[in-house]
Amino acid sequence: ADQIGGLTELDLLASAMRVKEDALINRVWTSSHTMALNRVADGLHRSCGWEPARIHEYLRPLVESIPGMGYSTGEGS
């Protein structure tokens, strides 16, 4: 994987999983979780060239696997 700005695609995907695991362990979703996932999404887009649709395809099931959580793209979906 390409390494850009010190983070690889794998690092970013692992970070997203850590956010999910933290939310599951603590049984709460906080604004910190949202901000962390937004940073992951930004890194995937800027550093790894992922298009927004691909980012949402990855993050939606990750977030929705957390009981009681829904996923919003911020674009009405």
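If you run side-chain contact (heavy atoms from CB on, under 4.5 Å) between Asp22 and each of Val19, Leu24, Asn26, Ile25, only Asn26 comes through.
Judged by distance alone, with hydrogens and angles left aside, the side-chain atoms of His33 form a donor-acceptor pair with the main-chain N or O of Thr30 at under 3.5 Å. Without hydrogens or angle criteria, Asp11 side chain to Thr8 main chain gives a donor-acceptor distance under 3.5 Å.
Between atom OG of residue Ser72 and atom CZ of residue Arg60 there is a gap of 8.0 Å, rounded to the nearest 0.5 Å. Here Leu62 contributes atom CG and Glu21 contributes atom CD; the two are 9.0 Å apart, rounded to the nearest 0.5 Å. Note that the CE atom of Met17 and the CG atom of Leu12 stand 14.0 Å from one another [nearest 0.5 Å]. Here the CG atom belonging to Leu13 is positioned 10.5 Å from the CZ atom belonging to Arg18, to the nearest 0.5 angstrom.
Heavy-atom minimum distance, Ala41 versus Ile55: O-CD1, 3.4 Å. Closest non-hydrogen pair, Val63 versus Gly70, comes out as CG1-O, 3.5 Å.
Hydrophobic cluster membership is shared by Val40 and Met69, with clusters built from Ile, Leu, Val, Met, Phe, Trp and Tyr side chains linked at under 4.5 angstrom. If you chain together hydrophobic residues whose side chains sit under 4.5 Å apart, Tyr71 and Trp50 fall into the same group.
Between Leu44 and Glu9, the closest side-chain pair of non-hydrogen atoms falls below 4.5 Å. Residues Trp29 and Leu37 are in side-chain contact: their nearest non-hydrogen atoms beyond the backbone lie under 4.5 Å apart.
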